[in-house]
Amino acid sequence: MRYGLAAWGLREESLESQLRITAGLGLDLLEFSIANYDKDALQTGATAGQIEEVRELFRKSGVRLECGCTGNDFTNDDVESQIRKVSEVIDIAAALGLRYLRIFAGFNSDSLIYGSRKERMLNALRTVHEHARKKNILLCVETHGGVTALDNGALLHFNSATTRTDFWKEILETGVSCAYDPANLAAVGTCAPCAFYRQFREKIAYVHLKDFRDTEGGILPAACGEGRLDWPCLMNTLKEFSGPAMIEYELPGDVEDGMKRSLEFLKNNEVKQ
């Protein structure tokens, strides 16, 4: 695995700070967020000058511009506007020289994804995949359920299209690849993460590594090894994976320390081939 830092936990950090944290941990891979959060350095409508400024910051830091992400939902009613957004992000990613772009299928409950709504989602994935293919960008759809936050801060994850293996068979037929997040699969609880990897390994091009710990009524984000995942099984399963493995510590308050703890745990628990 090629370790890097995922974008979401770094959302409150400036790009300069994100790059400093990445390089400070001895890593050269940062997932660059585009038009996913209001503080992202590049939004839709980014100019050539703004794109070049980002490229220069990465060059100066010694961190590679290889992986990116954005936010989208193809399971709501505004599918056409979501396709336009993702297509524009693909154009920005191409101008940056990115190889991977992590996106979503959608966050609505799987109980709503049938009939015309399901077909719209699949058609949207086909459309953006074809656009990305022409730009030599690999679109990776994340395994991510829907999420509800309780009053005490606990999170409840529920099934979406991308936490069900039967949906994945159709999703992959659109041409996209899979961004495998085992913690998200375990959080939903209806799909064994290691079994999912074994079933779809040939289509998994991208990995997120994080954890959740149990709390009253739900779960909370945690550093790798500090939560409920079966890490011996997972690390043994991933021992042959050679692609980007992005550490996703989701709590911005102590993100630098959480990323560091996660990286140390991963390195200390690697399973050699």
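- When side chains are defined from C-beta on, F167 does not count as touching T162, because their heavy atoms never get closer than 4.5 Å.
- Taking the side chain as every heavy atom from C-beta outward, K135 and D91 approach each other to under 4.5 Å.
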Give the C-alpha distance, both sets of side-chain angles, the deciding distance and a yes or no for side-chain contact (heavy atoms from CB on, under 4.5 Å) between L30 and L15.
CA-CA 10 Å; L30 170 67; L15 179 56; 4.2 Å; yes

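- At distances below 3.5 Å, not a single donor-acceptor pair connects side-chain atoms of E240 with backbone N or O atoms of T237.
- At a threshold of 4.5 Å between non-hydrogen side-chain atoms, the residues I92 and L98 do not count as touching.
- Note: Y249 and W8 fail the aromatic proximity criterion, with ring centroids not under 6.0 Å apart.
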Please evaluate residues L25 and I247 with respect to the criterion side-chain contact (heavy atoms from CB on, under 4.5 Å), reporting the C-alpha separation (whole Å), side-chain torsions for both, the decisive distance (0.1 Å), and the verdict.
CA-CA 12 Å; L25 292 176; I247 300 167; over 6 Å; no

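- Atom CG of residue L10 and atom OG of residue S33 lie 10.0 Å apart, to the nearest 0.5 angstrom.
- Side-chain contact between E66 and L29 is present, with heavy atoms from C-beta onward closer than 4.5 Å.
- Closest approach of N72 to F107, counting heavy atoms only: O-CE1, 3.5 Å.
- Across all non-hydrogen atoms, the minimal contact from V147 to F158 is N-CE2, 3.6 Å.
- With hydrogens and angles ignored, the 3.5 Å screen pairs a side-chain donor or acceptor of Q18 with a backbone N or O of E13.
- At least one donor-acceptor pair closer than 3.5 Å links the side chain of S81 to the backbone N or O of D78.
- A disulfide bond (SG atoms under 2.5 Å apart) check over residues 102-153, counting only residues at least two apart or in different chains, returns nothing.
- S160 places no side-chain N or O within donor-acceptor distance of the main-chain N or O of N108, the cut-off being under 3.5 Å.
- In this structure the side chain of Y100 reaches within 4.5 angstrom of the side chain of P244, judged on heavy atoms.
- Hydrophobic clustering (side-chain heavy atoms under 4.5 Å, transitive across Ile, Leu, Val, Met, Phe, Trp, Tyr) keeps V207 apart from F212.
- Separation of atoms OG1 (T163) and CG (L185) is listed at 7.0 Å; rounding is to 0.5 Å.
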Side-chain polar contacts of residues 148-156 - donor-acceptor pairs under 3.5 angstrom, sequence neighbours left out - could you list them?
residue	atom	partner	partner atom	Å
N152	OD1	A154	N	2.9
N152	ND2	E216	O	3.0

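- Of the possible polar contacts, none joining the T215 side chain to the G218 backbone as a donor-acceptor pair under 3.5 Å is found.
- The shortest side-chain heavy-atom distance between E270 and L266 does not fall under the 4.5 Å cut-off.
- Counted by atom type alone, E142 and Y180 present zero donor-acceptor pairs between their side chains at under 3.5 Å.
- Between the CG atom in D40 and the OG atom in S14 there is a gap of 12.0 Å [rounded to 0.5 Å].
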Donor-acceptor pairs under 3.5 angstrom involving side-chain atoms of residues 196-203: please list them, not counting sequence neighbours.
none

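- For residues 22-32, the set of pairs meeting the side chain to side chain donor-acceptor pair (under 3.5 Å) definition, not counting sequence neighbours, comprises D28-R64, E31-R102, E31-Y206, E31-H208.
- A donor-acceptor pair shorter than 3.5 Å cannot be found between the side chains of T143 and N184.
- One finds no salt bridge joining E264 and R261 here, because no Lys/Arg side-chain nitrogen approaches an Asp/Glu carboxylate oxygen to under 4.0 Å.
- Nearest heavy atoms, G106 versus D73: CA-OD1, 3.2 Å.
- Judged by distance alone, the side chains of W231 and D211 do bring a donor and an acceptor atom under 3.5 Å apart.
- Note that CG of L125 and CD1 of I103 are 5.5 Å apart. Values are rounded to the nearest 0.5 Å.
- E250 and K210 are joined by a salt bridge, as a carboxylate oxygen and a charged side-chain nitrogen come within less than 4.0 angstrom of each other.
- F104 places none of its side-chain heavy atoms less than 4.5 Å from the side chain of T70.
- Applying the salt bridge (charged side-chain N to carboxylate O under 4.0 Å, His left out) definition to pairs two or more places apart or across chains, those involving residues 107-133 are D77-R117, D77-R120, D110-R164, K118-E170, E130-R133.
- Rounded to the nearest 0.5 Å, atoms CD1 (I113) and CZ (F74) are 13.0 Å apart.
- Put simply, Y3 and L19 are part of the same group of oily side chains (I, L, V, M, F, W, Y) that touch within less than 4.5 Å, one to the next.
- Across S87 and H131, no two heavy atoms sit closer than the pair O-NE2, 3.4 Å.
- Each disulfide bond (SG atoms under 2.5 Å apart) pair with one or both residues in residues 141-213, not counting sequence neighbours, appears once here: C194-C233.
- Salt-bridge formation is not detected for the pair D254/K260: no Lys NZ or Arg NE/NH1/NH2 atom is positioned less than 4.0 Å from an Asp or Glu carboxylate oxygen.
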Test side-chain contact (heavy atoms from CB on, under 4.5 Å) on L42 and L96 and set out the steps.
CA-CA 11 Å; L42 294 180; L96 289 167; 4.0 Å; yes

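- Counting all heavy atoms, side chain and backbone alike, I171 lies closest to A161 at CD1-O, 4.0 Å.
- Put simply, M246 and L101 are part of two different groups of oily side chains (I, L, V, M, F, W, Y) that touch within less than 4.5 Å, one to the next.
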What's the verdict on side-chain contact (heavy atoms from CB on, under 4.5 Å) for L5 and V255, showing C-alpha distance, side-chain angles and the deciding distance?
CA-CA 10 Å; L5 300 187; V255 65; over 6 Å; no

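- In this structure, the side chain of T127 engages the main chain of N123 through a donor-acceptor pair within 3.5 Å.
- Taken together through direct or relayed side-chain contacts under 4.5 Å among Ile, Leu, Val, Met, Phe, Trp and Tyr, L229 and I219 form parts of separate hydrophobic clusters.
- Under the 4.5 Å side-chain criterion, counting only non-hydrogen atoms from C-beta, M1 is in contact with L209.
- For the pair R228 and A186, the tightest heavy-atom approach, listed with the atom from each and the gap, is NH1-O, 3.3 Å.
- Hydrophobic clustering of Ile, Leu, Val, Met, Phe, Trp and Tyr side chains at less than 4.5 Å, counting indirect connections, keeps L138 apart from V86.
- For the atom pair CG of L65 and CZ of R55, the computed distance is 7.0 Å after rounding to the nearest 0.5 Å.
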